[in-house]
Amino acid sequence: MKTIARILGVLVLVGVVGIAGLLFFGQQAGSASSSLKSNALNTIVDASGIKDTVQSELDAHLNEIASATGLSLSEAQEAIEALDVNSWAVADLPADASATATYSTAATGVDAEVTLYDDPGYITVEAYGQTLTFAVPESAQDYASLIAAFS
């Protein structure tokens, strides 16, 4: 899961560079500006090509993912496809979500943390002192627990 965690870390790292100016919304804002922040962040993430990069990295590390998880190559490929990274979206974490596990990793020399919740529809990635929570599509939710295999 370190590979997936690293890739998720890279997703946040690239996004953080483009969104640094937008972060002031989160500290002083109510729900309307929070939604505005999420929409702006999603626009930046989508325009940056980060999701394509993450998908390419997942595909490039198929053998490592299969080995680390104990899955066959075809099962690992199915898991990568089910993650459907292109459908992930920056979202507000529900107030009642409870963290179940946090995994630390490093990607390109930058530390990152990936947090899973009791609600499998959300994953939070923190890097460069910035935090982004993603709404995860239902197809990916069964595979989020694989992150533990890479930690």
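These numbers were taken from a predicted model, which means no experiment stands behind them. Note that these values count all heavy atoms, side chains included, but never hydrogens, waters or copies made by symmetry.
Atom-to-atom distance recorded for Ile123:CD1 and Tyr103:OH is 10.5 Å, nearest 0.5 angstrom. Here the CG-CG distance, from Leu93 to Asp119, works out to 8.0 Å after rounding to the nearest 0.5 Å. The CG atom of Asn42 sits 8.0 Å away from atom CZ of Phe134, with the distance rounded to the nearest 0.5 Å. Taking CG from Leu83 and CD1 from Ile65, the interatomic distance works out to 8.0 Å, rounded to the nearest 0.5 Å.
For the side-chain hydrogen bond (donor to acceptor under 3.5 Å, both in side chains) test, no residue two or more places apart in sequence or in another chain qualifies with Tyr122. For Ser74, the side-chain contact (heavy atoms from CB on, under 4.5 Å) partners two or more places apart in sequence, or in a different chain, are Ser72. Residues that satisfy the side-chain hydrogen bond (donor to acceptor under 3.5 Å, both in side chains) test with Thr102, not counting sequence neighbours, are Thr115. By the side-chain contact (heavy atoms from CB on, under 4.5 Å) test, Asp118 pairs with Ala97, Ser98, Thr100, sequence neighbours left out. Remark: Ser87 pairs with Asp84, Pro137 by the side-chain contact (heavy atoms from CB on, under 4.5 Å) rule, at least two apart or across chains.
Heavy-atom neighbours of Glu75 CD from other residues, nucleotides or ligands within 6.0 Å: above the threshold of 12.
The two residues Gln141 and Pro120 come nearest to each other via the heavy atoms CG-O, 3.2 Å.
For residues 39-50, the pairs satisfying salt bridge (charged side-chain N to carboxylate O under 4.0 Å, His left out) are Asp46-Lys51, with sequence neighbours left out.
Linking ILVMFWY side-chain heavy atoms closer than 4.5 Å, directly or via other members, places Tyr117 and Val125 in two distinct hydrophobic clusters. Under the 4.5 Å side-chain contact rule for hydrophobic residues, Leu116 and Trp88 share a cluster.
Under a 3.5 Å cut-off, the side chain of Ser56 and the backbone N or O of Asp52 do form a donor-acceptor pair. Using modelled atom types, no side-chain atom of Gln77 and backbone atom of Leu62 make a donor-acceptor pair closer than 3.5 Å. The closest donor-acceptor contact from the side chain of Thr133 to the backbone of Thr124 lies at 3.5 Å or more, if one exists at all.
Between Tyr143 and Glu81 there is no side-chain heavy-atom pair separated by less than 4.5 Å. Using a 4.5 Å cut-off on side-chain heavy atoms (C-beta onward), Ile80 and Gln55 make contact.
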